[in-house]
Structures are given as C-alpha cells and as structure tokens.
Amino acid sequence: MEDKYKIMIYALLGIIFIYVIYLILNYTYSEKYNDNIYNSFKRSLNYINKKVRKGVFTYYTPDKKIIDWVLTILKDYNCEVYIHPKIYYGHPDLEFNYSHTMGDYIILSNSDYNLLKRYYNDDNDNVIYSVGLTIIHESLHVHQRFNYEKYKRLYKMWGYVFVPKIYNFNHILKTKRQNPDANDNDILWYSGGKYYFINCFFDKDNPDSSVTRLAYPIIKDSRNNYKYNNETPIFLNRLPNYHNFFGEVHNNYTPNEICAEYNEKLYMDCVSQQMTFNSPAYEIFKNWYKTNVF
C-alpha cells in the first residue's frame, strides 16, 4: 500500500514538473515573439486606459526587404537626422492603430505598414513624405527613451519643469491617455508666471479612442509644492503663448511629441534644402540637436 502511494506521488510530481516546463517554454516563446516588450506597459495601464484599448498587444515582424528599402531611401538624402532601424508592425487594434514605439523598436501601425508595402510595390520614393516621416518621428522617440537626461536639458530650455509630485491631481491623471512613447506625469510647462500640466485626456463618462488636449493650471505654494486648485482646464488651442513659442505643431501636447515632430521638420528642411518651419522652440532644438543626437 505504501509503495502504491509513493508511485502516485512520484507520478503527480512528474506531471507537475512537465506542466511547469511546458509553461516556461510557452511563456518564453510568447514573450520572445509577441508580448515581451509590452509587459511593463500593460501592467501600468490604469482603468480608463484599459477600457478604451481592446486588450490587443500583438505585433509582427515585417518583410525585411521592405524595411531595408525604405531605410535606404530615407538615408540616401544624407540628412543628419536620427533614423532607427528596428521596426515591427502592429495588429489593427494595437494602440488605436497608431504608430508608436516600445522598448528599442518602432512599431508601425497596421495601416502605415500596408501603405508602406504599396509604396514598395510601386518603387515610389515619395514614401519619404508619408510613412518615411512617421519612421523619422518614431525614431526620435526611441532615442529619447535611451537618452532622456539629454532631452530633459532641452525641455528645460523650452520652459518645462520636472516636479516630484502634483498634489490633488491623481484624479485628473486617471483620465490622461497613457502614451507608450513616454511616461510624462511629472512635467509642467512654465510661461508668463504660470504653470500648466498639458496632455491628452479621455472623457471619463464616455471613454473612447478620442482625446481632448488640455492645459491644467497648477500653482506653486509657499512651500514649493505644486498643486492643482480645481481650476477649469484650458483647451490647448486657446493658449496663444504656447503656440507662439512652439509654432503650429500637430503633435503638440508633450515635449516628447513636439521634439519628435521637430525631427520630421529637420529632415524636411534637409530634403527641400530650405527652411520649411520656424519657431523660437525649433531654433533652440536645432542648436541642441547638433551636439546631443550625433
């Protein structure tokens, strides 16, 4: 009877061991090929950000010939602009089908990758004006991620302040869109004696993929604490000093996004051999870029 129990125990332990090995192998495979670079980001998503996403974090390896083709065209202009070579593409439901970065990879949206394939099939070098510029934009996000202290110095020249905490603000951060390209809950813009927290926000009552760009007024009290006093936020397009300083920039809601769009503009200045854009912040960016990116 005792031997019978031993056999049963050994058999059960053997099954458990095999199952554990299976989980490890399966986990390693899925981590390597599907979910690994998104793990930390997925865990960080708050409720409203989980709700508006569809729970898809799948990305794919593109055709190497297509990626090599577009990178060659982008680099043929010999512009001194950072271009990152590691590129995947995403599931249609991944990150609202926006191109973005994760880890040290650019992840083109499914629609951008399909457009890239059409340019490739037509051997059309006008790709630089569409998906090519997206790659230029996303390239700088990767560079930001691994050289952030350098970028913080630039952002401070633009008037941004990095703060340890904003009091009475957690309920507002719950509606902020969590951007995979940056963690930016600690940045304020200072102008005209006032501080603003600027970003994209979901409607907490009717969350969907659309967002509103808002500037929340923040005060600095006598103890040098930064605090939100429940003032009504300002629509970002109604903050003239912001637009006058940065210029008409589409991705204008964080310094990381402004900087990445400036990377596009720097590239187009080179391609066209003329100044295509100008603003006080862009001039600061260009001077900083020469010694901090290359």
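Here the structure is a predicted model, which is why all the values come from computation and not from measurement.
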S.K.: I'd like to know whether Ser99 forms a side chain to side chain contact (heavy atoms under 4.5 Å, CB included) with Ile107, so could you lay out the CA-CA distance, the side-chain angles of the two residues, the decisive distance to 0.1 Å, and finally the verdict.
M.R.: CA-CA 6 Å; Ser99 292; Ile107 301 178; over 6 Å; no
S.K.: Is the shortest distance from a Lys or Arg side-chain nitrogen in Glu149 or Arg153 to a carboxylate oxygen in the other one below 4.0 Å?
M.R.: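 Arg153 and Glu149: not salt-bridged.
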S.K.: Looking at Asn244 and Pro240, would you say the former's side chain and the latter's main chain have a donor-acceptor pair under 3.5 Å?
M.R.: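 Yes; judged by distance alone, with no hydrogens or angles, the pair exists.
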S.K.: Determine the interplanar angle of the Tyr38 and Tyr59 rings, folded into 0 to 90°, and report it as parallel if under 30°, tilted if 30 to 60°, perpendicular if over 60°.
M.R.: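 Ring orientation of Tyr38 relative to Tyr59: tilted.
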S.K.: Relative to each other, are the rings of Tyr195 and Tyr226 parallel, tilted or perpendicular (30° and 60° limits)?
M.R.: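 Ring orientation of Tyr195 relative to Tyr226: perpendicular.
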S.K.: Looking at Tyr289, Phe277, Trp288, which hits ring-ring contact (aromatic ring centres under 6.0 Å, His included) with Tyr282?
M.R.: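 Exactly one candidate clears the test, Phe277.
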S.K.: Looking at Tyr151 and His143, what are the two nearest heavy atoms and their distance?
M.R.: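 Result for this residue pair: OH-ND1, 2.7 Å.
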S.K.: Taking all non-hydrogen atoms of both residues, which atom of Ile67 and which atom of Pro85 are closest, and how far apart?
M.R.: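 Smallest heavy-atom distance, with atoms named: CG2-O, 4.2 Å.
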S.K.: In sequence, state the C-alpha distance, the side-chain angles, and the governing distance for Ile198 and Leu239, and then conclude on side chain to side chain contact (heavy atoms under 4.5 Å, CB included).
M.R.: CA-CA 11 Å; Ile198 299 170; Leu239 201 62; 4.3 Å; yes
S.K.: Just one of Arg145, Glu138, Lys86 clears the side chain to side chain donor-acceptor pair (under 3.5 Å) bar with Thr101, so which one?
M.R.: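 Going through the options one by one, the only one that passes is Arg145.
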S.K.: Quick check: do Ser279 and Tyr262 have side-chain heavy atoms less than 4.5 Å from each other?
M.R.: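 Yes - at least one pair of side-chain heavy atoms lies under 4.5 Å apart.
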S.K.: Do Ser111 and Tyr98 have side-chain N/O donor and acceptor atoms under 3.5 Å apart?
M.R.: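 No, no side-chain donor-acceptor pair sits under 3.5 Å.
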S.K.: Would the number of heavy atoms belonging to other residues, nucleotides or ligands and lying under 6.0 Å from NZ of Lys54 be above 12?
M.R.: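 Counting other residues, nucleotides and ligands, NZ of Lys54 stays at 12 neighbours or fewer.
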S.K.: How close do Asn183 and Asp186 get, counting heavy atoms only, and between which atoms?
M.R.: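 Heavy atoms only, the tightest pair is O-OD1, 4.4 Å.
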S.K.: Out of curiosity, does Ile166 fall in the hydrophobic cluster containing Tyr160 (side-chain heavy atoms, cut-off under 4.5 Å, transitive links)?
M.R.: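 They do not share one cluster, since no chain of ILVMFWY contacts under 4.5 Å joins Tyr160 to Ile166.
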S.K.: Under 4.5 Å between side-chain heavy atoms, counting indirect links through other Ile/Leu/Val/Met/Phe/Trp/Tyr residues: same cluster for Phe96 and Leu94 or not?
M.R.: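 Not linked; separate clusters.
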S.K.: Less than 3.5 Å apart, any donor N or O on the side chain of Glu257 or Asn179 sitting next to an acceptor on the other?
M.R.: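 Result is yes, a qualifying pair exists.
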S.K.: If Ile, Leu, Val, Met, Phe, Trp and Tyr residues are connected whenever their side-chain heavy atoms lie under 4.5 Å apart, and connections chain through other members, are Tyr155 and Val161 in the same group?
M.R.: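 No: no chain of side-chain contacts under 4.5 Å links Tyr155 to Val161.
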S.K.: Quick check for you: to the nearest 0.5 Å, what is the distance between Asp76 atom CG and Asp125 atom CG?
M.R.: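 Result: 9.0 Å between the selected atoms.
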S.K.: Hey, are the side chains of Ile218 and Val163 touching, using non-hydrogen atoms and a 4.5 Å cut-off?
M.R.: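 Heavy-atom side-chain distance check fails, nothing below 4.5 Å.
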S.K.: Within the 4.5 Å heavy-atom criterion, are Asn251 and Ile258 side-chain neighbours or not?
M.R.: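 Asn251 does not reach Ile258 side chain to side chain.
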S.K.: In a check of ring-ring contact (aromatic ring centres under 6.0 Å, His included) between Tyr216 and each of Trp189, Tyr228, Phe235, Phe197, which one passes?
M.R.: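 Only one option passes, and that is Tyr228.
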S.K.: Taking atom CG of Asn147 and atom NZ of Lys152, what is their separation to the nearest 0.5 Å?
M.R.: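 Reported to 0.5 Å precision, the distance equals 13.5 Å.
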S.K.: Would you check if there is a donor-acceptor pair between the side chains of Tyr105 and His84 at a distance under 3.5 Å?
M.R.: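 The answer is no; no qualifying pair exists.
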S.K.: So Thr61 and Lys64, do their side chains get closer than 4.5 Å, heavy atoms only?
M.R.: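 Side-chain contact under 4.5 Å: no.
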S.K.: If we count only N and O atoms by modelled type, under 3.5 Å, do the side chains of Asn97 and Asp93 hold a donor and an acceptor together?
M.R.: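 Result is no, nothing qualifies.
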S.K.: How about Asn46 and Asn49: does a side-chain donor come under 3.5 Å of a side-chain acceptor?
M.R.: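 Result is yes, a qualifying pair exists.
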S.K.: Let me confirm one number: the CD1-CG distance from Ile172 to Asn199, rounded to the nearest 0.5 Å.
M.R.: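 Separation between the atoms: 12.0 Å.
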S.K.: Do Leu74 and Ile135 make a side-chain contact, defined as non-hydrogen atoms from C-beta onward lying under 4.5 Å apart?
M.R.: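 Leu74 reaches Ile135 side chain to side chain.
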S.K.: Salt bridge or not between Glu95 and Arg177? Use side-chain N to carboxylate O under 4.0 Å.
M.R.: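 Answer for the salt bridge query: yes.
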S.K.: Decide side chain to side chain contact (heavy atoms under 4.5 Å, CB included) for Lys75 and Ile83; before the verdict, give the C-alpha distance in whole Å, the side-chain angles of both, and the deciding distance to 0.1 Å.
M.R.: CA-CA 8 Å; Lys75 292 176 182 179; Ile83 302 173; 3.9 Å; yes
S.K.: Could you tell me whether Arg223 and Asp221 make a salt bridge, using a distance below 4.0 angstrom between a side-chain N and a carboxylate O?
M.R.: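 No salt bridge links Arg223 with Asp221.
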S.K.: Identify whether the distance between the nearest side-chain nitrogen and carboxylate oxygen of Asp184 and Lys176 falls below 4.0 Å.
M.R.: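 Lys176 and Asp184: salt-bridged.
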S.K.: Quick one: pull up CD in Glu248 and CD in Glu261 and give me the separation to the nearest 0.5 Å.
M.R.: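 Atom-to-atom, Glu248:CD and Glu261:CD are 10.5 Å apart.
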S.K.: When you look at NZ of Lys286, are more than 12 heavy atoms from neighbouring residues, nucleotides or ligands closer to it than 6.0 Å?
M.R.: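 Yes, enclosed.
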S.K.: From the options Asn237, Asn252, Thr254, select the one residue that forms a side chain to side chain donor-acceptor pair (under 3.5 Å) with Arg213.
M.R.: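 Per the side chain to side chain donor-acceptor pair (under 3.5 Å) rule, the option paired with Arg213 is Asn252, out of Asn237, Asn252, Thr254.
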S.K.: Is the NZ or CZ atom of Lys265 positioned over Tyr267's six-membered ring, under 6.0 angstrom from the centre and within 45° of the axis?
M.R.: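 The answer is no; the distance or angle limit is not met.
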S.K.: Just do the side chain to side chain contact (heavy atoms under 4.5 Å, CB included) check on Val81 and Cys270 with the steps written out, would you?
M.R.: CA-CA 9 Å; Val81 171; Cys270 170; 5.6 Å; no
S.K.: Using only atom types and a distance under 3.5 Å, with no angle test, would you say the side chain of Asp181 pairs donor to acceptor with the backbone of His100?
M.R.: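 Between the backbone of His100 and the side chain of Asp181 there is no qualifying donor-acceptor contact (under 3.5 Å).
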S.K.: As an exercise, state the distance from CD1 of Ile187 to CH2 of Trp158, rounded to the nearest 0.5 Å.
M.R.: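 Those atoms lie 11.0 Å apart.
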S.K.: For residues 110-137, pull every pair meeting ring-ring contact (aromatic ring centres under 6.0 Å, His included), keeping only residues two or more places apart or in separate chains.
M.R.: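 Found Trp69-Tyr120, Tyr89-Tyr113, His137-His141.
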S.K.: Mind checking whether Val56 and Tyr88 sit in one hydrophobic cluster, side chains of I, L, V, M, F, W, Y counted as touching below 4.5 Å?
M.R.: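 No, Val56 and Tyr88 fall in different hydrophobic clusters.
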S.K.: Heavy-atom count around Phe162 CZ within 6.0 Å, excluding the residue itself: above 12?
M.R.: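 Atom CZ in Phe162 is crowded, with more than 12 foreign heavy atoms closer than 6.0 Å.
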S.K.: Which heavy-atom pair separates Met102 from Pro180 by the least distance, and what is that distance?
M.R.: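 Scanning both residues, the minimum pair turns out to be CE-CB, 3.5 Å.
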S.K.: Using side-chain heavy atoms (C-beta onward) and a distance below 4.5 Å, is Cys259 in contact with Phe285?
M.R.: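 Cys259 vs Phe285: side chains touch.
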S.K.: Quick check: do Leu236 and Leu214 have side-chain heavy atoms less than 4.5 Å from each other?
M.R.: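 They are not in side-chain contact.
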S.K.: Is the cationic atom of Lys227 (NZ for Lys, CZ for Arg) positioned less than 6.0 Å from the six-membered ring centroid of Phe169 and within 45 degrees of its normal?
M.R.: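 No, a cation-pi geometry is absent between Lys227 and Phe169.
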S.K.: Can you tell me how far the CE atom of Met268 sits from the CD1 atom of Ile136, to the nearest 0.5 Å?
M.R.: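 Atom-to-atom, Met268:CE and Ile136:CD1 are 10.0 Å apart.
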S.K.: Is Phe202 close to Val52 at the side-chain level, that is, under 4.5 Å between some pair of heavy atoms?
M.R.: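 The answer is yes; the side chains approach within 4.5 Å.
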S.K.: I'd like to know whether NZ of Lys51 has more than 12 heavy-atom contacts from other residues, nucleotides or ligands below 6.0 angstrom.
M.R.: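 No.
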S.K.: Is the backbone of Tyr60 close enough, under 3.5 Å, to the side chain of His91 for a donor and an acceptor to pair up by distance?
M.R.: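 Here the side-chain-to-backbone pair does not exist.
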S.K.: Just wondering, more than 12 heavy atoms not from Lys174 lying within 6.0 Å of its NZ?
M.R.: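 No, NZ of Lys174 has 12 or fewer neighbouring heavy atoms, counting only those of other groups under 6.0 Å.
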S.K.: Hydrophobic cluster membership, with links at side-chain heavy-atom distances under 4.5 Å among I/L/V/M/F/W/Y: are Ile66 and Val127 in one?
M.R.: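 Result: yes, single cluster for both.
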S.K.: Distance alone, cut at 3.5 Å: any donor-acceptor contact between the side chains of Asn39 and Arg43?
M.R.: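 No.
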